[in-house]
Amino acid sequence: QVQLEESGGALVQAGGSLRLSCKTSERATSRYAMAWFRQAPGKEREFVAGTDWSGQSTNYADSLRGRFTISRDNAKNTVYLQMNSLKPEDTAAYYCAADTQRTYLISVFQPDTWGQGTQVTVSS
């Protein structure tokens with residue numbers, strides 16, 4: 001069973017930046033499509049960004065495109081989410097997810113493995 005562990009969440013002021021990391025438990029994860037989701041208090045979990053196995057194909061929630069960047073380093077079994085120009089509405093728990101059935105992205109990411117999440121709080 002693949003395990004995912006997020007890190008990098010913090011309290012940051014509006015306009016600041018953070019980089020989240022998702023460390024995976026095994027090298028096989030380099031074959032999987034990976035994504036980040038987030039869930040704000042009282043709201044449903046929403047897709048943030050996804051990447052194929054290679055990192056060359058990515059997609060984003062329309063509202064976040066241009067501020068957030070997903071990347072991966074398969075040699076380190078790690079997926080990243082770079083978040084810039086953070087806003088108070090970006091406050092949420094951020095979750096790493098894997099689609100272990102696919103190496104490529106599809107129109108609606110279908111996660112079957114989740115991390116425990118890391119909290120991002122953006123103060124105004």
Side-chain angles (χ1 to χ4, degrees):
Q1 181 75 21
V2 174
Q3 293 183 332
L4 310 176
E5 183 176 4
E6 303 93 335
S7 62
L11 171 63
V12 63
Q13 288 190 333
S17 298
L18 278 177
R19 188 177 78 160
L20 306 183
S21 299
C22 173
K23 179 77 172 179
T24 65
S25 61
E26 57 185 62
R27 180 162 294 279
T29 312
S30 65
R31 298 197 297 265
Y32 304 150
M34 301 288 294
W36 288 93
F37 286 72
R38 70 182 184 182
Q39 187 167 19
K43 295 188 177 181
E44 293 187 354
R45 192 170 296 188
E46 63 175 355
F47 174 82
V48 172
T51 176
D52 73 346
W53 72 275
S54 70
Q56 293 186 350
S57 178
T58 59
N59 60 5
Y60 297 89
D62 289 342
S63 62
L64 301 176
R65 192 182 306 273
R67 292 196 299 123
F68 289 15
T69 302
I70 189 170
S71 62
R72 65 192 299 165
D73 185 339
N74 287 338
K76 296 182 178 179
N77 298 342
T78 303
V79 179
Y80 303 99
L81 183 68
Q82 178 67 43
M83 305 185 295
N84 298 327
S85 302
L86 283 162
K87 305 175 181 179
E89 50 264 42
D90 294 319
T91 295
Y94 284 73
Y95 297 89
C96 181
D99 177 355
T100 65
Q101 304 304 305
R102 297 176 180 87
T103 61
Y104 51 92
L105 289 173
I106 56 176
S107 59
V108 179
F109 194 87
Q110 299 294 320
D112 54 23
T113 304
W114 294 93
Q116 293 300 307
T118 186
Q119 179 66 36
V120 172
T121 303
V122 184
S123 64
S124 57

I would like to know whether T118 and S7 meet side chain to side chain contact (heavy atoms under 4.5 Å, CB included); could you show each step before the answer?
CA-CA 6 Å; T118 186; S7 62; 5.6 Å; no
Return the minimal non-hydrogen interatomic distance between [X] and [Y], and the atom names on each side.
X    : Y   : value
S124 : A14 : CA-CB, 4.4 Å
I106 : N59 : O-ND2, 4.1 Å
Y104 : A33 : O-CB, 3.5 Å

Taking C-beta and beyond as the side chain, do [X] and [Y] meet within less than 4.5 Å on heavy atoms?
X    : Y   : value
T78  : S21 : yes
S123 : V12 : no
N74  : W53 : yes
D99  : Y32 : no
L86  : F68 : yes
V79  : I70 : yes
L81  : T69 : no

Around atom CD of E46, are there more than 12 heavy atoms of other residues, nucleotides or ligands at under 6.0 Å?
yes
In terms of heavy-atom contacts, does CD of E89 have more than 12 from other residues, nucleotides or ligands at under 6.0 Å?
yes
May I ask you to check if R72 and Y80 form a cation-pi contact, with NZ or CZ under 6.0 angstrom from the six-membered ring centre and within 45° of the axis?
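No, R72 does not lie over the aromatic ring of Y80.
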Can a donor-acceptor pair be found, under 3.5 Å and without considering hydrogens, that links the side chain of [X] to the backbone of [Y]?
X   : Y    : value
E6  : Q116 : yes
Q39 : F37  : no
R67 : S85  : yes

Quick one: [atom1] on [X] to [atom2] on [Y], what's the gap to the nearest 0.5 Å?
X    : Y    : atom1 : atom2 : value
T121 : Q13  : OG1   : CD    : 13.0 Å
Y94  : L20  : OH    : CG    : 7.5 Å
R38  : D90  : CZ    : CG    : 5.0 Å
M34  : T100 : CE    : OG1   : 10.0 Å
Y60  : T51  : OH    : OG1   : 8.0 Å
K23  : C96  : NZ    : SG    : 12.0 Å

If you group Ile, Leu, Val, Met, Phe, Trp and Tyr by side-chain heavy-atom gaps below 4.5 Å, do V122 and W36 land in one group?
yes
So if you build clusters from Ile, Leu, Val, Met, Phe, Trp, Tyr with side-chain heavy-atom gaps below 4.5 Å, do M83 and L64 land together?
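Yes, M83 and L64 fall within the same hydrophobic cluster.
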Fit a plane to each ring of Y95 and W114, take the angle between them on a 0 to 90° scale, and name the class: parallel (under 30°), tilted (30 to 60°) or perpendicular (over 60°).
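Y95 and W114: perpendicular rings.
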Consider only side-chain N and O atoms of N84 and Q82, and report whether a donor and an acceptor are under 3.5 Å apart.
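Looking only at side-chain atoms, Q82 and N84 do form a donor-acceptor pair, the distance falling under 3.5 Å.
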Is it the case that N77 and T24 place a side-chain donor and acceptor less than 3.5 Å from each other?
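No, because no side-chain N or O of N77 sits under 3.5 Å from a partner of the opposite role on T24.
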Full working for side chain to side chain contact (heavy atoms under 4.5 Å, CB included) between T103 and D52:
CA-CA 6 Å; T103 61; D52 73 346; over 6 Å; no
